[in-house]
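Remarks on the structure that follows.
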Amino acid sequence: MNVWIAIGVTALGCYAVKLTGLLVPAGVLERPLVRRLAALLPVALLAALTAQQTFADGQALVVDAVAAGLAVAAVALVLRAPFLLVVAAAVAVTAGVRAVGG
């Protein structure tokens with residue numbers, strides 16, 4: 001039963017955030033600072049999530065096969081490789097490092 005309460009509270013919270021966004025006046029959204037924040041915030045959140053999922057294991061800092069895959073993906077992106085090739089290279093390197101025992 002507690003799980004359903006958590007799901008209900010989460011759903012209501014998401015609805016409240018969405019409603020708050022709709023109630024913000026258009027003039028506020030047109031300000032240069034708000035526009036810059038709206039453009040940069042998703043990138044910063046995604047980068048933080050990627051770093052946390054790659055390098056954290058509870059309270060410990062971990063550098064393992066996933067970090068190697070992320071490094072290869074970053075290099076492939078810098079070289080402007082197609083997205084599917086970036087993902088395939090990251091997966092292959094991660095699996096290879098894990099197979100070797102890293």
Side-chain angles (χ1 to χ4, degrees):
M1 186 65 176
N2 290 337
V3 172
W4 288 109
I5 293 171
I7 290 171
V9 169
T10 303
L12 287 173
C14 289
Y15 182 76
V17 168
K18 179 79 169 181
L19 183 62
T20 302
L22 293 173
L23 294 176
V24 173
V28 173
L29 298 176
E30 295 300 322
R31 294 181 183 163
L33 177 63
V34 174
R35 293 180 75 108
R36 269 187 292 165
L37 285 175
L40 295 176
L41 192 61
V43 175
L45 289 174
L46 184 58
L49 178 63
T50 301
Q52 192 273 333
Q53 290 293 315
T54 302
F55 299 113
D57 184 20
Q59 296 292 323
L61 179 64
V62 177
V63 179
D64 59 359
V66 178
L70 182 64
V72 168
V75 169
L77 285 172
V78 168
L79 296 175
R80 299 199 178 268
F83 182 71
L84 289 178
L85 183 61
V86 171
V87 173
V91 167
V93 168
T94 302
V97 171
R98 284 187 178 166
V100 172

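Computed over heavy atoms, backbone and side chain alike; hydrogens, waters and symmetry mates excluded.
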Mind checking what makes side chain to side chain contact (heavy atoms under 4.5 Å, CB included) contact with [X], not counting sequence neighbours?
{"X": "Ala89", "value": "Val72"}
{"X": "Val78", "value": "none"}
{"X": "Ala73", "value": "Val86, Ala90"}

Q. Just how far is it from atom CG of Asn2 to atom CD1 of Ile7, taken to the nearest 0.5 Å?
A.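 These two atoms lie 11.0 Å from each other.
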Q.
Once rounded to the nearest 0.5 Å, what's the spacing between atom CG of Leu85 and atom CG of Leu79?
A.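 Answer rounded to 0.5 Å: 10.0 Å.
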Q: Could you list the residues that satisfy side chain to side chain donor-acceptor pair (under 3.5 Å) with Gln59, not counting sequence neighbours?
A: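 Scan of Gln59 (side chain to side chain donor-acceptor pair (under 3.5 Å), adjacent residues dropped) gives none.
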**Q.** Exercise: identify the closest heavy-atom pair between Ala39 and Pro42
**A.**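 Smallest heavy-atom distance, with atoms named: O-CD, 3.9 Å.
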Q: Identify the heavy atoms of Ala68 and Val97 that sit nearest to each other, and give their distance.
A: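 Smallest heavy-atom distance, with atoms named: CB-CG2, 4.1 Å.
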Q) Heavy atoms, side chains only, cut-off 4.5 Å: are Val66 and Phe55 in contact? A)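 No, too far: nothing below the 4.5 Å cut-off.
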Return a table of donor-acceptor pairs under 3.5 angstrom between the side chains of residues 20-33 and protein atoms on other chains or two or more places apart.
residue : atom : partner : partner atom : Å
Thr20   : OG1  : Ala16   : O            : 2.7
Glu30   : OE1  : Arg35   : NH1          : 2.8

Q) With the 4.5 Å side-chain cut-off for hydrophobic clustering, are Ile5 and Leu12 part of the same group? A)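 Looking at the clustering, Leu12 is in a separate group from Ile5.
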(Q) Count I, L, V, M, F, W, Y as connected when their side-chain heavy atoms are under 4.5 Å apart, and connections chain through other members. Are Val91 and Phe83 then in the same cluster? (A)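 Both belong to a single hydrophobic cluster.
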Q.
Filter on side chain to side chain donor-acceptor pair (under 3.5 Å), then keep only pairs touching residues 42-53, sequence neighbours left out; what's left?
A.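 Found none.
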